[in-house]
K.L.:
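Sharing a structure, written as structure tokens. Questions coming.
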Amino acid sequence: MRILIVEDEGVSVEAAINALRTAASAAIDVVSGPFEAIEKMKAESYDVALVDMLFRTESDEFETRRRLGRIGLDGGQLHQSGLAVLHAIAKLGLPTRPVIWSGGAPNRRIHMIFAHEVMGCRVMCAKEASGDLPRAVAAALQGSEYMHPVLGMYLTPDYARPLKETLLASPARLRIWRAMASGQHQHKAIAKSAGVKPSTIRKSMDDLRSKLLEFDPGYPANGSPSTELIRYVAQNWEFFLDDTVRAMFP
Amino acid sequence: MIFQVGESDKDFNYRTTYKLLRPFEAVALLLQAANLVGALFNDNYGPNGVRILVALTVAHFLGAVWTVRHRGPVTSGAYWAGVWVAITFVVQLAIAHLIHPGDFGGYGNGIQAGNFSLITLTILAFYPWRGRFQRRSIEVALLCAVAFQPILIIGIMNSWSFSTEQARSLVQYAVWAIVWFLVGKGMAKLCRIAVQAELKATVSAYDVTLGEIHSSVETAIDRIANGESSKRAAIDLRKIVYRHRRQLLLAYRQVGAVEIFKNTYWLFGGQLTLLSTPRLGGLTFSNERAKLIEECLVNSLKNVVRHGGGRVHVALELHHGNVVVLTIRDEGPGMAQDDFDMVGSTMQRIKVRAKEMGGDFRLITPSITGAEVRLSLPLH
């Protein structure tokens with residue numbers, strides 16, 4: 001069995017290797033980011049890819065550019081996450097089975113929902129439960145579902161509507177979300193970045209918030225919609241500016 | 001990632017000062033409106049002059065309201081900043097012509113409605129112009145223009161003949177121009193110092209937190225190296241990590257439901273068996289509710305671990321679209337209603353806070369088949 005670990009934190013890599021080696025004999029390779037992972041999977045055949053969701057080197061460099069307002073939304077590469085590896089496996093028809101291996105930071109929340117709901121990833125293991133990795137890998141190899149009970153909480157509940165029908169429902173609204181995530185806060189600047197008129201932004205704000213409330217019923221329903229949406233996007237910019245999400249939902 | 005001290009001071013100063021500028025612009029427009037009202041009462045204008053000054057006052061007041069709601073002239077870009085500067089000069093020229101002949105600077109105590117121009121000068125001294133050369137050029141040009149404009153006006157109107165009072169007024173005005181300019185520069189400096197101090201405090205807080213985590217890890221390593229149980233050391237370390245995660249998590253204005261549940265679960269780690277967990281998706285709670293839900297979870301799960309056998313069902317539902325209902329049920333010996341109702345107990349504290357927020361916290365099944373507690377809370 002060949003396993004590719006896509007992880008940039010040494011301690012997590014060690015934990016994963018120890019858990020997997022204890023359970024079974026496996027040839028394990030480690031790469032520290034999605035680009036290297038995709039190249040490696042193209043060149044060699046792996047049975048399982050253990051994929052972290054966010055990578056510090058990718059995020060730090062991108063965040064610096066974002067804060068300085070140097071993110072262009074037309075063309076050019078956006079933020080890279082573990083979703084890129086899952087997308088490449090599906091798009092290139094690779095035989096590798098993905099296992100999401102994620103920690104608990106809030107900025108991964110929508111990525112996890114996206115991976116399950118849109119990309120159909122059914123095997124997820126929490127970093128805090130590395131002892132469960134062999135079970136997760138076995139489930140991935142058998143094509144069955146395995147999700148640590150804690151990660152099962154990422155699934156969309158009945159009282160909320162899925163991502164596809166809310167945040168991802170309209171390309172025009174997604175452009176506005178991305179413009180705000182890129183650091184634009186004024187209607188005029190958001191409009192310029194999203195390629196629409198400022199009046200369109202003003203009119204869209206209530207609609208954007210109502211869609212957000214369908215996805216997250218706990219989000220504040222009062223107050224200025226622009227301010228609330230900008231706050232939301234500031235906490236979740238990694239998702240709205242994700243390169244894979246843009247590739248799948250332009 | 002936080003903005004690093006010293007890494008890009010120029011960008012940092014620009015961005016922070018720019019953010020402070022909008023409310024400052026609104027105050028400046030309001031002060032200009034007040035200055036024009038003061039001129040109406042203090043100086044001698046004809047009927048046309050009064051009408052024009054009233055119109056200008058109203059325009060500046062509306063401009064201040066617009067700036068609060070949208071943005072001001074300087075933050076709207078070079079074009080509108082230029083328009084504002086031009087208006088400043090035009091207004092002073094107009095006042096010189098509208099006022100009773102000979103009054104403009106004629107009393108030796110300054111220029112009538114002179115503060116009107118000086119307020120603009122202060123704002124433009126505060127503005128973080130990009131580039132040292134650009135900043136210096138604009139500032140010197142403005143300072144000179146503001147200080148020399150009344151000289152030109154009086155000179156042209158009086159064929160370059162200045163009375164002693166006018167000369168005294170012009171000197172006073174020039175001195176005030178320099179003072180107001182320095183006030184603008186000083187305020188910008190103060191704001192930057194305040195932001196830098198806050199940034200340093202944040203970095204220092206990170207240092208303290210990381211320092212504590214490092215020393216906890218080192219202590220745990222030491223304990224394991226000295227033959228202590230690694231499981232015990234891991235439990236202690238987990239508690240420290242939980243505490244810090246909780247601290248960070250509950251600092252958010254909106255807190256993710258998944259993160260609250262996950263963090264609480266990892267606190268008890270191997271001591272809990274989750275028989276069922278709720279689907280939470282992208283749900284978030286306001287900070288106040290998140291704190292209560294977290295406290296309820298921690299204390300209920302602590303009871304499950306101590307008395308309930310560690311096996312637990314956790315459910316979260318939304319009733320009527322606005323009331324979140326959290327249910328925690330274990331398979332232990334149950335909880336007596338008297339224990340739940342004990343005055344001053346944690347459970348009662350949670351109940352009181354839940355009621356304050358329009359919700360409730362109740363023991364559902366005080367039986368021997370397991371304890372079930374339920375927290376209901378309006379989402380908004």
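Convention: sequence-line order gives letters A, B, ...; per-chain numbering from 1.
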K.L.:
So, for A:Met153 and B:Thr277, which heavy atoms are closest and what is the spacing to 0.1 Å?
P.N.:
CG-CB, 4.0 Å
K.L.:
Which atoms form the tightest heavy-atom contact between B:Leu283 and A:Gly218, and what is the distance?
P.N.:
CD1-N, 3.6 Å
K.L.:
By a 4.5 Å heavy-atom criterion (distance strictly below it), what part of A:Glu228 contacts chain B: side chain, backbone, both, or neither?
P.N.:
side chain
K.L.:
Which heavy atom in A:Pro106 sits nearest to a heavy atom in B:Tyr252, and how many Å separate them?
P.N.:
CG-CE1, 4.0 Å
K.L.:
Rounded to the nearest 0.5 Å, how far apart are OH of A:Tyr154 and CZ of B:Arg279?
P.N.:
15.0 Å
K.L.:
Heavy atoms only, distances under 4.5 angstrom: which of A:Pro220, A:Pro162, A:Ala221, A:Gly131 has the most pairs with chain B? Name it, please.
P.N.:
A:Pro220
K.L.:
Would a 4.5 Å heavy-atom cut-off, applied to side chains only, mark A:Arg109 and B:Thr284 as touching?
P.N.:
yes
K.L.:
Quick check on the interface: out of B:Leu379, B:Leu249, B:Val258, who has the most heavy-atom pairs with chain A under 4.5 Å?
P.N.:
B:Val258
K.L.:
NZ of A:Lys188: more than 12 outside heavy atoms within 6.0 angstrom?
P.N.:
no
K.L.:
Taking C-beta and beyond as the side chain, do A:Pro157 and B:Leu318 meet within less than 4.5 Å on heavy atoms?
P.N.:
no
K.L.:
To the nearest 0.5 Å, how far apart are NE2 in B:His380 and CG in A:Asn222?
P.N.:
8.0 Å
K.L.:
Can you say whether A:Glu117 sits under 4.5 Å from chain B via the side chain, the backbone, both, or neither, judging by heavy atoms?
P.N.:
neither
K.L.:
Identify which of A:His187, A:His116, A:Gln235 forms the greatest number of heavy-atom pairs closer than 4.5 Å to chain B.
P.N.:
A:Gln235
K.L.:
Can you give me the closest heavy-atom contact between A:Leu151 and B:Lys262, atom names plus distance?
P.N.:
CD2-NZ, 4.3 Å
K.L.:
Is there a salt bridge (Lys or Arg N to Asp or Glu O under 4.0 Å) between B:Glu259 and A:Arg108 once you walk through the steps?
P.N.:
CA-CA 10 Å; B:Glu259 284 77 35; A:Arg108 291 151 174 81; over 6 Å; no
K.L.:
Please state whether the side chain, the backbone, both or neither of B:Phe261 comes within less than 4.5 Å of a heavy atom of chain A.
P.N.:
both
K.L.:
For A:Asp158, does the CG atom have more than 12 heavy-atom neighbours from other residues, nucleotides or ligands under 6.0 Å away?
P.N.:
no
K.L.:
Which atoms form the tightest heavy-atom contact between B:Arg253 and A:Tyr219, and what is the distance?
P.N.:
NH1-OH, 4.5 Å
K.L.:
Using every non-hydrogen atom in the two residues, find where B:Leu274 and A:Pro149 come nearest and quote the distance to one decimal.
P.N.:
CD1-CB, 4.0 Å
K.L.:
Kindly indicate, with the supporting measurements, whether the criterion salt bridge (Lys or Arg N to Asp or Glu O under 4.0 Å) is fulfilled by B:Arg245 and A:Glu128.
P.N.:
CA-CA 13 Å; B:Arg245 262 201 190 149; A:Glu128 293 88 344; 3.1 Å; yes
K.L.:
Are more than 12 heavy atoms from other residues, nucleotides or ligands located less than 6.0 Å from atom CD of A:Glu61?
P.N.:
yes
K.L.:
Where does A:Ile113 contact chain B at under 4.5 Å (heavy atoms): side chain, backbone, both or neither?
P.N.:
side chain
K.L.:
Is it the side chain or the backbone of A:His148 that comes within 4.5 Å of chain B heavy atoms, both, or neither?
P.N.:
side chain
K.L.:
Could you tell me which portion of B:Leu316 (side chain, backbone, both or neither) has an atom closer than 4.5 angstrom to a non-hydrogen atom of chain A?
P.N.:
both
